[in-house]
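First comes the structure, then the notes that go with it.
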Number of protein chains: 2
Amino acid sequence: MSEQTAPRTAAGDSTDRPVDRTGGGTGRGSGGTGRGSGGGDVGGPGTVGPEPSTARGEQTRQLILETALRLFRERGYAQTTMRAIAREAGVAVGNAYYYFESKEHLIQGFYRRTHADHVVAAAPALAAETDFAARLRAVLHAGIDVLTPSHAFAATFFKTAAEPTSPLSPFSAQSSEARTEAIRLFEEVLAGSTAKVDPQLRPDLPELLWLGYLGVILYWVHDRSPDQSKTRLLIDGAVPLVDRLVGLSRLRVLRPVTTQVLELIRSLRH
Amino acid sequence: MSEQTAPRTAAGDSTDRPVDRTGGGTGRGSGGTGRGSGGGDVGGPGTVGPEPSTARGEQTRQLILETALRLFRERGYAQTTMRAIAREAGVAVGNAYYYFESKEHLIQGFYRRTHADHVVAAAPALAAETDFAARLRAVLHAGIDVLTPSHAFAATFFKTAAEPTSPLSPFSAQSSEARTEAIRLFEEVLAGSTAKVDPQLRPDLPELLWLGYLGVILYWVHDRSPDQSKTRLLIDGAVPLVDRLVGLSRLRVLRPVTTQVLELIRSLRH
DNA sequence: CGTCCTTTCTGAACGTGTTCAACTTGCGGT
DNA sequence: ACCGCAAGTTGAACACGTTCAGAAAGGACG
C-alpha cells in the first residue's frame, strides 16, 4: 500500500460538468462534546501527519473518524469502504482524504483512543497495588480488556502495523509519540512498585516490558480460543516468570549473563 | 484483502462484443524443465488450494509464477500489477487467476522456493558440524543468506503473513505443510548434534527453535541497517544464549522452572 | 457591496485486484 | 469426420482506494 509511486498517465479529458447540488445541509448541531479547544496542543515537531484544522472543520474531522470507527466495528475493516464512510458521514469521499491521508490513517485514531482507554482502565490497579508482578499483570489485562470488543476487526489491520514501511508500525518515526506514551505506562508499573531491580537493567526495563506487551498483542491477534482466554493464560503464566527473571538479574552469578543480554539488546536497538 | 465478501450488484448490460484476436500464438517450446510428471504427489488432504493442472497447463502455471517472482524482485510487490504479470507472461489477466487464487497466493510460490534454497544452503554445515550452537547458527545464517536478495520486497509482504485470517499466515491450516517442513529443519539441527537436552524439553524444542527463527525474520524485516548486519548480530548474540539455556534446562534446580515454562507453552499452543 | 484569500468540500476519473460469461483447444469416443 | 466435454484461456466489467481540478464558504479589508 504505502510503497505506491502513483504513475499518473493523464488520458481522459471530460470537458463538461453537470454542476448542481449546493450542499445538502445536514443540520449539524452546535453543542460540542466537551474537549477544550485552545488549539495549542500540537506542540513538538513530528506530530501526526496532516492535522489541517483551524475552525469547525475539526468537527467534520471528528465526524468522519467517529463514523469510520463505528463502521469498522460494525462490518469489519475491509468491508468498510471509503465511500460508505463518506456517505454515512454525509460528506464527499474526497473530504475524508482532506483530513486523513489514507484509509489506514484512520486506524491511528483507533490507536490513540485505545491507548487512552488503556491508561484509564489500568489506573485503579496502579493506584492500589505495589507488588511488581501484580501491577504488570493488571496493566496487561487492562490492555486486553480494552482491546477485546474490537478483536474481530483489530486483527485484520494489526497486520499493517507489522509492515516496516508503514507509518503505522509501532517502530516508525510517525508513531514515536504513541510509542513513548505506551512505554511511559510501563515506566509507571515499575516506578510504583517495590521491586528491586538490577540498576543496569532498570533504564531499559520499561521498553522491554512494552516489547513484551507487543508480543502479548501479537498472540492475542492470533488467539482463536473463545473470548481469547488463552491470552489471559499467557499473561498469568508469563508475568511470574518475568517477575522471577527480574529478581534473579540482581544475583552475583547471573550478572555476566544480564550484562551480555543487555549489551546485545542495546546493540540491536537503534 | 482476504476478508472480502464480494457484494455483486449487477448493473450494466453491455450487449455487444467486439470479438477478434484469436490467440497470439507465442510459439512455446516443447522441452520440459525436468520435474517428473506422474501426478501422484498431491497425497494428503489440505494441500495447497487450487492446483488445477493435468497437462502442459502446468507450463503456463510455471510461466506465470516465474514471471511474477521476477517482477516482484525487479519492481517490488506493490508496484507489480496483475496486468503487468499477465502481459509479460503473454497471457490474459484472468488466466493468472485460473492458477492462483489471488495476488497474495503467488507469494506462496516464493515461500516454497525460499525454503528449498534454505535447506540446500544449510546442508553443508549440517553435514560437517556436530556442535549444537554451531549448527543452529549456521542454519539461521543460511536462512538469512537466502532471504537477503529479496529483502526490499519481502518486507512488504511478510505483513500479510502476520494477518491471522490470511492463508499465508505461518500458523494457518493452509500452511501446515510448509510449517512442518520448516520445523523438520530444526529437528535436524538437534538430531545431528551432540547436545544433551532435558528429555521433557526435547520433543518441543524443534518447534521452539522454529518460532525463534520466525522472530529473527521479524527482526530482519524491520532491520534497516546496511546489509541487515544487525540481524547477523542478533543471531550471533542469541545463539549462545539459547545454547546455554538449553544446557541449563537439565540442572536439577531449574527443573521446576523448565516444567512450568513447558506447561505454559503447551497450554498456549492448541 | 465587492474583491481577494485561505480553508473546506465536491465528485468525476484513474489504476488497481478480482470476477465471470463466453470462447478456444485438445482429446477420447463413435 | 463429427460430436461432446472438460481444461484452458480471454477480456470486458465491477468495486475499491485514491487523486485532482475546481466549486463553495467564510472571513478580512476596502
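Within every chain, numbering begins at 1; the chains are lettered A, B, ... in the order of the sequence lines, protein sequences first and strands thereafter. From a predicted model like this one, the values you see are computed outputs, not experimental measurements.
For D:dT9, one of the phosphate oxygens OP1 or OP2 lies less than 4.0 angstrom from a side-chain nitrogen or oxygen of B:Tyr99. Residue B:Asn95 places at least one side-chain N or O under 4.0 Å from the OP1 or OP2 atom of D:dT10. In this structure, A:Thr60 does not reach the C:dT8 phosphate: none of its side-chain N or O atoms is under 4.0 Å from OP1 or OP2. Regarding contacts with the backbone of D:dT18, a side-chain N or O of A:Tyr97 is found under 4.0 angstrom from either OP1 or OP2. When the side-chain nitrogen and oxygen atoms of B:Tyr98 are compared with OP1 and OP2 of D:dT9, none of them lie within a distance under 4.0 Å.
By the salt bridge (charged side-chain N to carboxylate O under 4.0 Å, His left out) test, B:Arg269 pairs with B:Asp204, B:Glu207, sequence neighbours left out.
Closest to the side chain of A:Arg83, out of D:dT18, D:dG8, C:dT18, is D:dT18. Among the nucleotides C:dA12, C:dG17, D:dC16, the one closest to the side chain of A:Thr81 is D:dC16. Closest to the side chain of B:Met82, from the set C:dG11, D:dG11, C:dG17, is C:dG17.
Under the 6.0 Å distance and 45° angle rule, B:Lys103 counts as a cation-pi partner of B:Tyr77. Annotation: cation-pi geometry satisfied between A:Arg61 and A:Phe100 (NZ/CZ under 6.0 angstrom from ring centroid, within 45° of ring axis).
In this structure, B:Gln59 places its CD atom 17 Å from P of C:dT25, rounding to the nearest Å. Here C:dT18 presents its C1' atom at 13 Å from CD1 of B:Ile85, a figure rounded to the nearest Å. B:Arg61 places its CZ atom 16 Å from the C1' atom of D:dT9, with the value rounded to the nearest Å. Computed from coordinates, the A:Phe100 CZ to D:dT18 P distance equals 13 Å when rounded to whole Å. Look at CD on A:Glu104: it is 18 Å from P on D:dC16, rounded to the nearest Å. Remark: P of C:dT7 and CD of A:Glu58 are 15 Å apart, rounded to the nearest angstrom. In this structure, CG of B:Leu106 is placed 12 Å from C1' of C:dG17, rounded to the nearest angstrom.
Residue B:Ala96 is the one, among A:Gly94 and B:Ala96, whose nearest nucleotide of DNA chain D lies closer to the 5' end (criterion: closest heavy atom).
Below 30°, between 30° and 60°, or above 60°: for A:Phe171 and A:Trp210 the angle between ring planes is above 60°, a perpendicular geometry. Using the six-membered ring where Trp is involved, B:His118 and B:Tyr213 have ring planes that are tilted, between 30° and 60° apart.
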